[in-house]
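Chain letters run A, B, ... following the sequence lines, proteins first and then strands; every chain starts at 1.
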2 protein chains.
Amino acid sequence: MSDSITPRSKDYSNWYLDIILKAKLADYSPVRGCMVIRPRGFAIWEAIQSQLDRMFKESGHLNAYFPLLIPEEYIQKEADHIEGFAPELAIVTHGGGEKLEKPYIIRPTSETIIWSMYKQWIHSYRDLPLLLNQWANVMRWEKRTRLFLRTTEFLWQEGHTAHATKEEAQEETQHIFEIYKNFAHNYMAMYCIGGKKSESEKFAGAVETYSIESLMQDGKVIQAGTSHFLGQNFARVFDVQFQSEQGSQEYVWATSWGVSTRLIGALIMAHSDDKGLLLPPRLAPTQIIIQAIYRENTKNEVLTCAQSIFDELSESFRCVLDTDARHSPGWRFAESELQGIPIRIEIGQKDIEKNSCLVSRRDTGEKNAIPRNALGSAIAPLLNAIQTNMFERHKAFTEEHTHTPDNYTELKSLFEGPIPGYCIIPWDGELSSEQKLKEDTKATIRAILDQPPPRSTCIISGRPAKQCVIVGKAY
Amino acid sequence: MSDSITPRSKDYSNWYLDIILKAKLADYSPVRGCMVIRPRGFAIWEAIQSQLDRMFKESGHLNAYFPLLIPEEYIQKEADHIEGFAPELAIVTHGGGEKLEKPYIIRPTSETIIWSMYKQWIHSYRDLPLLLNQWANVMRWEKRTRLFLRTTEFLWQEGHTAHATKEEAQEETQHIFEIYKNFAHNYMAMYCIGGKKSESEKFAGAVETYSIESLMQDGKVIQAGTSHFLGQNFARVFDVQFQSEQGSQEYVWATSWGVSTRLIGALIMAHSDDKGLLLPPRLAPTQIIIQAIYRENTKNEVLTCAQSIFDELSESFRCVLDTDARHSPGWRFAESELQGIPIRIEIGQKDIEKNSCLVSRRDTGEKNAIPRNALGSAIAPLLNAIQTNMFERHKAFTEEHTHTPDNYTELKSLFEGPIPGYCIIPWDGELSSEQKLKEDTKATIRAILDQPPPRSTCIISGRPAKQCVIVGKAY
């Protein structure tokens, strides 16, 4: 089973697809560019949803649901927004057996339909802030798709908030950016860098976009989440004004922000190895697999013991009991590795005789015999250790592949290497330099860092440097 | 606020819409027939989802996600299925700026796309049973829509299971039917009758449909959930065969089942009154509102006390602390009634002096002063009493409006009355009688009951009765 995964060193792209298909996370569908998320993949999405939803609610956000379809003319109201999304729209032209007078688009994002409702709901400063989020499917007609990373339809959450002041909207943008980073670090065990996007990379319709970015094992970068300060753009377009506490009429300030099922792609690429998936304990749908290894003459005793371990650990952890006797112990071991279960506990006749069980860590492969009566107290620290190790390992990998080249020639050669990684460079803030970089290296500015440029001149143009940016080849 | 709700006696339909709009459960959208589910409405849906999801998972069902779009030719493969859904389809003809070679439909239900995948996943009896569910949006281009009850887009869950034997699939159909009934009775506090649908009322593509039906306060009936035994219909159409344990090739047996945001409409209509919404405690997003009533000179003491009550009760119950001083106590009381919060606790200076607080039940209006130190232990029994009372009251209402008419004239006059209700009648099993009933009374067969007919001849045709059916006017 797992030995048929293409090794990363041979073909990284097929390694990624092999893990998804063989671990049964997702499958191709008969609909162009759309995937089917299978139960094991969907359980990861449920874990992501459940944590993020808690974080959003703790900071006062409420869930709502807006229509899938958007009148076509809405999307055309905000000039940048339509320019960004027009090429990717799916259009509904017929409904109920008739051609529609006006076509609808399937939401690629919901700013326009939501702000058309905010127009009706927001009249006074008392109606603000309005902090809404929705978990929904969206559709963008992508030319090249790849399971989880870029699909025509994907699942996501999109937050849309309305505020009385610019400062409050900017704080919200930062607050969500911090939630995303916290979630990536502490739940996904995935190290991210983050910052403001350049003008050319920001969201179509935003004043400022902040993103978290994460380096994958092939040295390419995934944009994992974005938080946008929208200024008053959508309020002006949909004429959403409120009466301030002082009695004046003001346009409302806005943010929007989202993460999607793309996170599952990032999670796979950040941690997995040639044996298969590797899930961080805090998000793993199954944290522990208890495998009973027995023959006919030891069956009763081993199953009784395995069941007692399962019963004990299930009170505190997400466990699965594997008593499958149709497959060999080796196959079952490999299968649990393929599925990325953080801890495997093996129990056989010999372990029972020694009154212990064999506990394996998926992240390091380390195996230890742990006395049966110490098992209960050993698991929580071990899960924490795995979670921490996965994060530290990914952080170390990222740092190892983050460079500060001295000159443009060095920068170009870094991006020609097998693991391009990040480069931190001084930039003059000009679009022309950004474009030259992209043409020469295929790398783009991933984020403007909140730190001074490493040198006084732009590494691309030689002109005075204005900002410190981190560049990389993006997915 | 709440006094502006149209009384039921004056205009039932406007009463229903008033509650939804004024309690801010949902709103009309600019998209034909589609609603916006606002946070208070969505929180009810989240409560429904969370309970049902737990019940499905406890019986081995897993969540997955299948594409929104379905190739148009798929829906045409099953003859009954296309006949049922063709008039209601929304069609996507353009994507990515180009006309599509073959159009897609937006899923009205997902049997076809799911069974096209099952074809790839099911090969052996070892792959069975396959018990999947998805929470998703679907679209049916309805001519006449009504918030929650019938909207062009709605949210639902759709279960799709595959089995090796007919018996197992039939058991699954029954098992889900029982889950739905249990959920309606014990969580929604909504009494349902249920049974098999007649041939003309069953799901397009099913062999048998079982439904739960519930009588609303206007004497009309809502179909609240359906569970279908699909036989081998979809397996044959998509050629899904498996190798049995004995080595033969067999077609797979199927079920599908669903409930939708329509349940929220039923919940509103089953329980609410002229003051507004009334939510059963087990599903209420807020179970208890603690209202601090104070003047400037009593503010500190009252707020401290209210906060201590909130802190104590929040450990076990879903509570909201209302310290709003902008509105009058009367307005706030009416507002909490409008929102349907099961228990209201009022705390003012006089209550503090008496070391008690005033506890009101939303369902009966009953108010009791409860000593402060007895409050903690009084709430759980009170919530249970409200839950039980709401169910018993709805059951009594249903029974009061369930008739067993002696003859067709009596039956017709019952359906001409102000609260038509149910009639239990003997039926000859013929479509012609069913059609005559509908033409004469607008009532339809809601379910075939699992009991002998009350008399030996069909009340409609006078021919020998074959089945006992319950009829009513459906939403």
Side-chain angles (χ1 to χ4, degrees), chain A residues 24 26-43 45-46 62-71 74 86-98 100 103-104 106 113-114 116-117 120-121 126 132 134 136-137 139-143 152-153 155 261 326, chain B residues 24 26-27 29-43 45-46 53 62-71 74 86-98 100 103-104 106 113-114 116-117 120-121 126 132 134 136-137 139-143 152-153 155 261 326:
Chain A
K24 298 184 180 173
D27 205 346
Y28 295 105
S29 86
V31 183
R32 191 195 156 288
C34 293
M35 66 179 164
V36 173
I37 307 179
R38 301 185 73 173
R40 285 192 196 147
F42 201 80
W45 183 239
E46 287 181 311
L62 300 169
N63 286 334
Y65 187 77
F66 294 84
L68 170 73
L69 300 185
I70 300 179
Y74 280 26
E88 299 181 352
L89 299 179
I91 303 176
V92 177
T93 54
H94 292 72
E98 287 173 10
L100 301 175
Y104 290 109
I106 297 180
I113 186 104
I114 288 180
S116 80
M117 297 308 299
Q120 297 178 48
W121 298 340
R126 289 196 179 88
L132 300 191
Q134 78 173 357
N137 52 344
M139 190 158 266
R140 298 176 186 177
W141 217 263
E142 301 281 359
K143 287 216 165 54
T152 303
E153 183 191 10
L155 303 182
T261 35
R326 289 180 311 187
Chain B
K24 298 184 179 172
D27 205 347
S29 85
V31 183
R32 190 194 156 289
C34 293
M35 67 179 162
V36 173
I37 307 179
R38 301 186 72 173
R40 284 189 195 150
F42 201 80
W45 183 238
E46 286 181 312
D53 199 67
L62 300 169
N63 286 334
Y65 187 76
F66 294 84
L68 171 73
L69 300 185
I70 300 179
Y74 278 28
E88 298 181 353
L89 299 179
I91 303 176
V92 177
T93 55
H94 293 71
E98 288 172 8
L100 301 174
Y104 290 109
I106 297 180
I113 187 103
I114 289 179
S116 80
M117 298 308 299
Q120 297 178 46
W121 298 341
R126 289 197 180 90
L132 300 191
Q134 78 173 354
N137 54 343
M139 191 159 264
R140 298 177 186 176
W141 217 264
E142 301 281 0
K143 287 217 167 56
T152 303
E153 182 190 10
L155 303 182
T261 34
R326 290 180 312 188

Participant: What part of B/Ser29 is in contact with chain A, defined as an atom under 4.5 angstrom from a non-hydrogen atom: side chain, backbone, both or neither?
Facilitator: both

Participant: Please say which of A/Met139, A/Glu153, A/Arg32 ends up in a side chain to side chain contact (heavy atoms under 4.5 Å, CB included) with B/Leu69.
Facilitator: A/Met139

Participant: How are the rings of B/Tyr104 and A/Trp141 set relative to one another: parallel (under 30°), tilted (30 to 60°) or perpendicular (over 60°)?
Facilitator: tilted

Participant: For chain B, which of A/Ala90, A/Pro39, A/Gly41 has the most heavy-atom pairs under 4.5 Å?
Facilitator: A/Pro39

Participant: Roughly how far, to the nearest 0.5 Å, is CD1 of A/Ile37 from CZ of B/Phe66?
Facilitator: 10.0 Å

Participant: Give the member of A/Ile113, A/Leu62, A/Asp27, A/Thr152 that has the highest number of heavy-atom pairs under 4.5 Å with chain B.
Facilitator: A/Asp27

Participant: If I measure from the heavy atoms of chain B, does A/Thr93 come under 4.5 Å with its side chain, its backbone, both, or neither?
Facilitator: both

Participant: If you measure from SG on A/Cys34 to CD1 on B/Ile70, what distance do you get to the nearest 0.5 Å?
Facilitator: 11.0 Å

Participant: Looking at chain B, which one of A/Arg126, A/Lys143, A/Glu88 has the largest number of heavy-atom pairs inside 4.5 Å, strictly under?
Facilitator: A/Arg126

Participant: Of the backbone (N, CA, C, O) and the side chain (C-beta and beyond), which part of A/Tyr74 lies under 4.5 Å from a heavy atom of chain B, both, or neither?
Facilitator: side chain

Participant: Mind running side-chain contact (heavy atoms from CB on, under 4.5 Å) on A/Tyr65 and B/Leu155 for me, showing each step along the way?
Facilitator: CA-CA 9 Å; A/Tyr65 187 77; B/Leu155 303 182; 3.6 Å; yes

Participant: Heavy-atom cut-off 4.5 Å, strictly under: side chain, backbone, both or neither for B/Glu98 against chain A?
Facilitator: neither

Participant: Of the non-hydrogen atoms in A/Met117 and B/Pro30, which two are nearest, and what is the gap between them?
Facilitator: SD-CD, 3.8 Å

Participant: Heavy atoms, side chains only, cut-off 4.5 Å: are A/Lys24 and B/Trp121 in contact?
Facilitator: no

Participant: Shorter than 4.5 Å, heavy atoms on both sides: which option in A/His94, A/Arg140, A/Gln120 has the most such pairs with chain B?
Facilitator: A/His94

Participant: Please determine, among B/Leu89, B/Leu68, B/Ile106, B/Ile114, the option with the most heavy-atom pairs under 4.5 Å with chain A.
Facilitator: B/Leu68

Participant: Identify which part of B/Glu142 has an atom lying under 4.5 Å from any heavy atom of chain A, answering side chain, backbone, both or neither.
Facilitator: neither

Participant: Using non-hydrogen atoms only, which part of A/Gln134 is less than 4.5 Å away from chain B: side chain, backbone, both, or neither?
Facilitator: neither

Participant: Specify which of A/Gly97, A/Ser116, A/Pro87, A/Ala26 makes the most heavy-atom pairs with chain B at under 4.5 Å.
Facilitator: A/Pro87

Participant: Does a side chain donor of either A/Asn63 or B/Trp45 reach within less than 3.5 Å of an acceptor in the other side chain?
Facilitator: no

